[in-house]
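Accompanying notes for the structure given below.
Both ligands and their constituent atoms are indexed starting at 1 by order of listing.
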Amino acid sequence: MNAPTPSVNQVSQTDTALLQRKVSFDFSASPLHWIPNDPYTSHFISVIHTILPAGEFFFCRLYNKALPYIDDEKLKQDVKGFIKQEAMHAKAHTGGISNFLENQEMEVGSFIKQVEWLFDSVLHDKPFGRKVPKQLERDWLVLRLGLIAAVEHFTCVLGKYALENTQWDHEGADPTILDILRWHASEEIEHRSVAFDVYQHLGGNYPMRYLQMLIAFPVVIGLWVKGSSHLMAQDSSIASKRPKAFGVYFWREWQRKSKSGHLPSLLWLARQASRYFSPSYNPAIEASTEQAQAYLAQSPAALRAAAINAA
Ligand SMILES: [Fe+2]
Ligand SMILES: [Fe+2]
C-alpha cells in the first residue's frame with residue numbers, strides 16, 4: 001500500500017516504465033505436485049497455465065485496437081508496455097502447458113478449448129460470429145476493456161498474494177514454478193493501473209464498472225474451479241476423492257487449504273472483488289510497485305533475461 005496517491009486529473013497512474021522481460025523457464029525438474037505432498041494446491045494453481053495464454057493474447061489484441069482511441073501520450077506508452085508484458089506472460093504460460101503439464105501427461109486440450117471459446121467467440125469483435133453495428137463498435141470495445149480492468153484487479157491482488165505467501169516456501173515448493181508465479185505476479189502489480197486508466201480515459205462509467213465485476217467474478221471463479229478439478233480428476237493420488245467442480249471434496253478441501261495458508265479463500269477473493277465496487281476504487285493503492293520490483297530484482301528468470309539483454 002506504498003504506492004503514491006495520484007492526482008485525480010492524471011490520466012496515467014502507472015509510476016514505472018513497463019518493461020518486457022524476455023524470461024524463459026526450465027520445468028524439466030519440476031514435479032507435478034510442485035508443492036510436496038499437496039496435489040490439491042499444486043493443481044489449483046497449475047491450472048493458470050491453461051487459462052492465461054488465451055486470455056492474455058486476447059488482451060493484447062484488444063489493447064492494440066484501443067491504442068488509436070487513446071490521446072494521452074503517457075497512457076499510450078503504458079498500453080504498449082502492458083501489451084508487451086501480457087504477450088510474454090502468455091508465452092511463458094504456454095511453455096507451462098507444453099513443457100510442464102503435458103510432459104506430466106495431463107490432458108489439458110479440452111479445457112483450453114472452452115477457455116478459447118470464451119475469448120475467441122463470446123468476446124470476439126464479432127460475438128458468436130455476428131457483426132456488431134458500426135455505431136456500437138466503440139461501445140463493444142469499451143465494454144470489453146472494462147471487463148479486462150475488472151480481471152486485472154484480480155491479477156493485481158492475486159499477485160500481491162503470491163508475493164506475500166510464505167507457506168509455499170515453507171512447504172518446499174518447486175523454485176521454478178514459484179519463480180514463474182512471482183515474476184508474473186510482479187509484472188501484474190507493475191501494470192495494475194493500465195486497464196483501469198484506459199477504461200476511464202475512454203469514457204467507461206461507474207455503473208458499467210459495477211456490472212463488469214459482477215460478470216467477471218463468477219467467470220474467473222468458474223474457470224478456476226472447472227480447470228483445476230479437471231486436472232485433479234486425472235491425478236490418481238486424489239481422483240478417488242472425486243474432485244468434481246460441484247463435489248463436496250473440492251469445496252471442503254479449498255476451505256481447508258485456505259485455512260492453512262496454501263490458497264486464498266473464496267471469501268477472501270469476494271472481499272477483494274468488493275473493493276472494485278467502490279466509486280473511489282483506485283488500482284494504484286491496491287499494491288506496491290516497490291514490492292514488485294524488489295522481487296524482480298532477485299527473480300532468477302528476470303535476472304537471466306536482464307543478463308541476456310545486457311550482453
Ligand atoms: Fe499477465
Ligand atoms: Fe495483467
Worksheet item: Where does the angle between the aromatic ring planes of H43 and H33 fall among parallel (under 30°), tilted (30 to 60°) and perpendicular (over 60°)?
Response: perpendicular
Discussion item. Both conditions, 6.0 Å and 45 degrees, for the charged tip of R209 above the ring of Y276: are they met here?
Written reply: yes
Practice prompt. Find out whether R192 and V157 are in side-chain contact, i.e. whether some heavy atom of one side chain is under 4.5 Å from a heavy atom of the other.
Written response: no
Discussion item. Can a side-chain donor-acceptor contact be found between H230 and Q114 if the only test is distance below 3.5 angstrom?
Written reply: no
Worksheet item: Do the side-chain N and O atoms of S299 and D179 include a donor-acceptor pair separated by under 3.5 angstrom?
Response: yes
Practice prompt. Would you check if the Fe ion (ligand 2) lies under 2.8 Å from any N, O or S atom of E56?
Written response: no
Discussion item. Taking 2.8 Å as the cut-off, does C156 contribute an N, O or S atom near the Fe ion (ligand 2), distance below it?
Written reply: no
Considering only N, O or S atoms, which atom of [X] is nearest to the Fe ion (ligand 1)?
{"X": "E188", "answer": "OE2"}
{"X": "H184", "answer": "NE2"}
{"X": "H89", "answer": "ND1"}
{"X": "E86", "answer": "OE1"}

Worksheet item: When the aromatic ring centroids of F100 and W34 are compared, is their separation below 6.0 Å?
Response: no
Worksheet item: Counting backbone and side chain alike, does E187 bring an N/O/S atom below 2.8 Å of the Fe ion (ligand 1)?
Response: no
